[in-house]
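Written out below as structure tokens is the structure these notes cover.
Computation of the quantities below employed the complete heavy-atom set of this structure, encompassing side-chain atoms and omitting hydrogens, waters and symmetry-equivalent molecules. Nothing here was measured: the structure is a model prediction, and the numbers come from that model.
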Amino acid sequence: MSRAALIARRTTVSVLVLLLVAALIVAGVVYGAVRRTDPAVTGTVRLAGLSGEVDVRRDGQGVAHIYADTPEDLFRAQGYVAAQDRFFEMDLRRHATAGRLAELVGEAGVASDISVRTMGWRRVAEQELPTLSADTRRYLAAYADGVNAYLDTTGDATRVAPEYLMLSVRFPGYRIEPWGPVDSLAWLKAMAWDLHGNYADELARARLMAQGRSLDEVRDLYPGYDAKAQPPILSAAAWSPSGVRGGRSKAPAAGIRQGAGPAPDPESDAALGRAARAVSAVAPLVGRGEGVGSNSWVVGPSRSSTGKPLLANDPHLALGQPGVWHQTALHCRTVSQACPYNVSGFAFAGFPGVVIGHNQRIAWGFTNLDPDVSDFYLERVKGSTVLRGGAYRPLTTRTERIRVAGGTDRTITVRSTSHGPLLSDIDAAVKDAASVPTAATTASPATPAEGESLAIALRWTGLEVTQTADAIFRMNRATSFETFRAALSSFAAPSQNAIYADVDGHIGYQAPGRVPVRRSGTAGAPPGYLPAPGWDSRYDWTGYVPFDQMPRTLDPPEGFVVAANQAVTSASTPFLTTDWTHGWRSTRIRQLLTAQPTVSPQRMRDIQGDVNDGFQPVLTAALRGVDLSGDGFTREGQATLEGWDGRFVTGDSHSSRAAAYYTAAWSALLHRTFDDDLPTGLRPDGGSRWPAVVKQLLADPRSPWWDNQKTLRIETRDDILRQAQVDARLELTRLTGKDVKAWDYGRLHTLTLRHPLSAAAPGMLRSLLDRGPQPAPGNPLAPNALGYDLQLGYAADWGPSMRMVVDLGTLDSSTWVQSTGVSGHPTSDHYDDQTGRWLRNEPFAWPFSRQAVEGATRDQLTLAPRDNG
């Protein structure tokens with residue numbers, strides 16, 4: 001090598017070394033800046049307002065077990081700990097629920113802010129606060145004091161959380177505002193919005209009819225619930241709805257043709273699409289899973305290997321970093337009437353108390369009941385008035401100013417009718433959406449009179465003043481089914497399936513929530529199925545289902561209750577919804593529970609991790625029934641289904657290869673069948689409704705839905721099944737290779753836990769904030785429901801946000817795990833220390849007794865009263 005070449009080579013190496021050193025220095029500086037936001041979890045901190053010392057013991061997963069002598073000290077400490085672990089998450093939620101997200105993140109938050117301000121979430125929370133019990137108001141205030149006490153110890157925002165470091169580069173000068181009780185209450189509105197009923201389906205059906213689809217064709221895509229094949233939560237023996245009254249549909253209105261729809265209306269279809277985008281603009285904070293799916297079940301003493309009840313719950317929500325739940329435990333040192341709390345479980349950072357968990361006597365879990373608690377109303381507006389009962393009445397208006405960090409502020413005018421805010425004002429063009437047929441207009445669009453325009457209003461129970469906050473604290477201190485039901489009587493939104501067990505051996509179920517009673521539906525459809533004419537009072541809500549008439553059971557004859565979003569009962573009263581999540585998961589859980597005489601705690605956990613779904617045998621048989629003997633390449637894929645045990649697992653195995661092929665074929669089948677018929681936004685995502693749709697179609701080989709509208713020939717079922725398998729073979733070849741032995745479901749079905757700000761973060765910070773991708777077992781219809789949106793791909797983006805199994809015989813034998821960790825600090829050991837165990841369905845021990853907590857303690861912090869003298 002020449003001298004010049006040697007010098008050049010050495011120079012290049014030196015430059016590379018210098019660049020590497022510089023990168024390491026930058027990384028070290030960034031890591032150090034991030035690391036300084038990690039809170040102190042040992043020692044002693046003095047807080048104003050405490051009446052005595054509070055003991056905060058953190059276990060091996062960083063979960064805080066808090067001991068105090070008064071409820072106020074307990075919730076003040078909970079606020080302090082929540083701020084330590086998750087304050088940026090709390091602040092982000094606070095801004096989103098107040099319609100002030102743009103103040104924090106800039107232009108990216110404007111669309112959400114406009115929607116939230118129009119609905120007025122925070123305004124409702126402000127109205128609710130004075131209606132709550134005196135105890136609840138004290139607890140909310142104490143919690144806020146604890147949050148603010150932590151903020152006072154940190155100084156500027158960049159020492160509170162690393163996200164503020166990143167935001168300060170783009171939007172310098174941000175100052176954290178003190179936390180207040182309304183900030184906590186507004187979070188309940190976000191929870192209710194993300195988990196409330198069928199508003200998206202109502203808009204989708206209206207849009208299909210605006211395209212010219214008949215009501216019968218729409219019903220093909222929204223099949224009724226099959227209560228024989230997929231048993232409801234409560235059997236007839238467990239629940240008799242005698243005397244319960246609810247809404248019912250009238251007979252089809254004159255002029256509605258059941259076999260054919262109105263003429264297509266492109267303008268109305270476009271407007272409805274804008275309406276759907278307006279409601280979907282709200283930033284998802286809890287996140288909607290499949291239907292919003294969740295699993296819960298409880299077995300009584302006769303079914304339990306321990307002789308005491310066992311209770312399991314795993315809510316299916318959007319998966320991100322950090323996770324939705326903040327595990328905690330709240331213990332009064334001496335449980336008494338003055339200090340009645342001894343509760344442990346899953347909380348929301350930002351709201352005091354425990355949402356799901358157990359105390360010393362009872363345990364409870366939630367899944368989404370998903371009743372129809374919202375309606376869209378078509379309104380005939382003239383100037384500043386709206387038609388109502390044959391006369392024009394004034395609209396109510398208010399002005400909202402939206403501040404935008406780094407951008408131009410916006411001013412919007414919010415108009416409302418007696419039904420609610422005009423969502424059409426979010427996008428002025430949405431006013432044309434009223435051309436959807438209704439019972440009042442038969443098969444023709446609603447035509448405004450001279451000087452009128454058409455608008456859409458939203459009525460939703462979440463925009464009414466309720467006392468859901470009271471229910472959280474009352475549940476936490478309940479000690480029997482009677483006191484638990486009394487607590488739930490004020491749990492208005494979101495309406496949930498609540499399962500129950502206690503140490504005395506009782507199990508139960510209660511459906512709480514404010515559910516509207518309607519007199520009739522529109523266009524011959526059931527109540528709430530399509531938008532209603534707001535000018536006709538016959539379509540108004542007439543009240544709410546009384547709590548005493550909501551479904552419930554105590555110690556049912558079967559000895560167990562499974563509540564996994566399926567229909568509650570086979571009865572039509574009280575009317576709850578037409579849009580039940582089809583019971584694929586619930587049916588599988590029932591099968592596994594009844595396969596053995598008794599169920600052990602480990603069996604409960606194994607069921608949570610089950611990766612089989614009930615639709616798979618149906619579709620597998622259909623796919624294998626297609627003759628591919630003339631296409632050896634595609635036949636190699638089809639052959640993976642032979643001898644498949646039906647498990648959706650990852651790794652190098654026959655099951656994993658078959659799961660990959662099945663999933664690719666399922667996706668291709670949905671695309672081949674529906675993409676030519678449905679517009680973007682209404683195409684199948686693979687959730688539980690679509691297997692029910694396809695199961696019906698498989699029985700009708702010549703259904704018009706099979707035909708591809710873009711070809712000259714008429715396709716049948718077998719044509720589509722064949723084409724889908726060709727597509728699946730090519731898809732897997734492209735994604736994972738030509739060799740079938742290299743296929744792995746885990747290469748398709750991966751999970752990346754993304755932070756809300758990571759998309760805008762530079763690469764180095766993004767890798768610090770996000771976790772993954774990792775192979776993910778399960779599928780949307782399995783009990784281990786790690787789900788996807790097949791319009792976007794195969795990656796999992798929702799699933800069991802946590803898992804718990806409570807052993808009412810020995811509470812310290814209970815187990816729990818969540819999808820991430822308790823900390824929101826990416827440099828913390830507890831940012832993602834539960835993820836691996838969660839993916840493998842290997843939960844952690846859940847200490848509850850003082851002895852168990854002391855044995856599990858890894859860090860101890862004392863919060864002491866501040867001497868103000």
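- Note on ring orientation: taking the six-membered ring where Trp is involved, the planes of F674 and W705 are tilted (angle from 30° to 60°).
- The backbone N or O of T716 lies less than 3.5 Å from a partner atom in the side chain of D719, making a donor-acceptor pair.
- In this structure the side chain of T461 never reaches within 4.5 angstrom of the side chain of S374, judged on heavy atoms.
- Remark: the backbone N or O of W584 is not paired with any side-chain donor or acceptor of T587 at under 3.5 angstrom.
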- Item | Residue pair L369, V568: steps toward the side-chain contact (heavy atoms from CB on, under 4.5 Å) verdict | CA-CA 8 Å; L369 176 62; V568 176; 3.0 Å; yes

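- Inspection of the N565 and H316 side chains reveals no N or O donor paired with an N or O acceptor under 3.5 Å.
- Remark: R754 CZ is loosely packed, at most 12 non-hydrogen atoms of other residues, nucleotides or ligands lying under 6.0 Å away.
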- Item | Steps toward side chain to side chain donor-acceptor pair (under 3.5 Å) verdict (N368, S294) | CA-CA 7 Å; N368 208 26; S294 300; over 6 Å; no

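- We find that E202 and R207 are not joined by a salt bridge, their nearest charged nitrogen and carboxylate oxygen being 4.0 Å or further apart.
- At least one side-chain heavy atom of L623 sits less than 4.5 Å from a side-chain heavy atom of Q725.
- For the residue pair T413 and D425, the shortest heavy atom distance occurs at O-OD2, 4.3 Å.
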- Checking side-chain contact (heavy atoms from CB on, under 4.5 Å) for the pair Q616/L781: CA distance, chi angles, key distance, verdict? CA-CA 9 Å; Q616 174 273 130; L781 305 186; over 6 Å; no

- Task: Decide yes or no on side-chain contact (heavy atoms from CB on, under 4.5 Å) for L195 and L317, but give the supporting numbers first.
- Result: CA-CA 9 Å; L195 300 180; L317 302 171; 3.9 Å; yes

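- Using a 4.0 Å cut-off between charged side-chain N and carboxylate O, R205 and D579 make a salt bridge.
- Of the possible donor and acceptor atoms, none in the side chain of D314 sits under 3.5 Å from a partner among the backbone N and O of P800.
- Checked by atom type and distance alone, the side chain of T663 never pairs as donor or acceptor with a backbone atom of A660 at under 3.5 Å.
- At a cut-off of 3.5 Å, with distance as the only test, no side-chain donor of N708 or T711 sits close to an acceptor on the other residue.
- Side-chain atoms of D727 never come within 3.5 Å of backbone atoms of A668 as a donor-acceptor pair (strictly under, hydrogens ignored).
- Judged as a side chain to side chain contact (heavy atoms under 4.5 Å, CB included), and not counting sequence neighbours, the contacts of T411 are T399, R401.
- The pair R518-D375 meets the salt-bridge criterion, since a charged nitrogen lies less than 4.0 angstrom from a carboxylate oxygen.
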- What's the verdict on salt bridge (Lys or Arg N to Asp or Glu O under 4.0 Å) for R100 and E400, showing C-alpha distance, side-chain angles and the deciding distance? CA-CA 11 Å; R100 296 174 54 197; E400 299 274 353; over 6 Å; no

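- With sequence neighbours excluded, no residue forms a salt bridge (Lys or Arg N to Asp or Glu O under 4.0 Å) with E715.
- Considering CZ of F366 and OG of S495, their distance stands at 10.0 Å, rounded to 0.5 Å.
- Although no hydrogens or angles enter the test, the distance criterion places no donor-acceptor pair under 3.5 Å between the side chain of Y788 and the main chain of G687.
- Of all the heavy atoms in V324 and F348, the pair that sits closest is CG1-CE2, 3.3 Å.
- Looking only at side-chain heavy atoms (C-beta outward), L786 and L319 come within less than 4.5 Å of each other.
- Between R415 and E379, none of the side-chain N atoms (NZ, or NE/NH1/NH2) sits under 4.0 Å from a carboxylate O, so this pair counts as no salt bridge.
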- Kindly indicate, with the supporting measurements, whether the criterion side chain to side chain donor-acceptor pair (under 3.5 Å) is fulfilled by Q696 and D220. CA-CA 8 Å; Q696 287 187 165; D220 284 345; 5.0 Å; no

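- Taking a 6.0 Å sphere around CG of L735, one finds it holds more than 12 heavy atoms contributed by other residues, nucleotides or ligands.
- Nearest heavy atoms, L751 versus A796: CD1-O, 3.5 Å.
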- Assess whether side-chain contact (heavy atoms from CB on, under 4.5 Å) is satisfied between L678 and L208, documenting all intermediate values. CA-CA 8 Å; L678 303 177; L208 286 168; 3.6 Å; yes

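- The side-chain heavy atoms of M209 and L215, taken from C-beta on, include a pair separated by under 4.5 Å.
- Side-chain contact check for R683 and Q791: no donor-acceptor pair (N or O, by modelled atom type) lies under 3.5 Å.
- No side-chain heavy atom of M119 sits less than 4.5 Å from a side-chain heavy atom of K189.
- Between W193 and W121, the ring-plane angle classifies as tilted under the 30° and 60° cut-offs.
- At a threshold of 4.5 Å between non-hydrogen side-chain atoms, the residues R459 and E464 count as touching.
- Under the ring pair (Phe, Tyr, Trp, His ring centres under 6.0 Å) test applied with W666, the options F648, W690, F615 reduce to a single match, F615.
- The closest donor-acceptor contact from the side chain of S667 to the backbone of A664 lies at 3.5 Å or more, if one exists at all.
- In this structure, the side chains of T408 and R410 come closer than 4.5 Å at one or more pairs of heavy atoms.
- Closest approach of R585 and A785 over heavy atoms only: CD-CB, 3.8 Å.
- Cation-pi check for R717 over W706 is not met; the charged atom does not lie both under 6.0 angstrom from the ring centroid and within 45 degrees of its normal.
- In this structure a side-chain-to-backbone donor-acceptor pair under 3.5 Å is present from Y225 to Q230.
- No option in L576, V515, T577 other than T577 meets the side chain to side chain contact (heavy atoms under 4.5 Å, CB included) test with D372.
- Contact record, Y794 with H749: O-CD2, 3.1 Å, taken as the closest heavy-atom pair.
- Of all non-hydrogen atoms in R213 and V218, the two that sit nearest each other are CB-CG2, 4.2 Å.
- A distance-only check finds a donor-acceptor pair linking the side chain of D676 to the backbone of Q709 [under 3.5 Å].
- For the pair T752 and D797, the minimum side-chain heavy-atom distance is 4.5 Å or more.
- Side chain of Y377 to backbone of Y539: a donor-acceptor contact under 3.5 angstrom is found.
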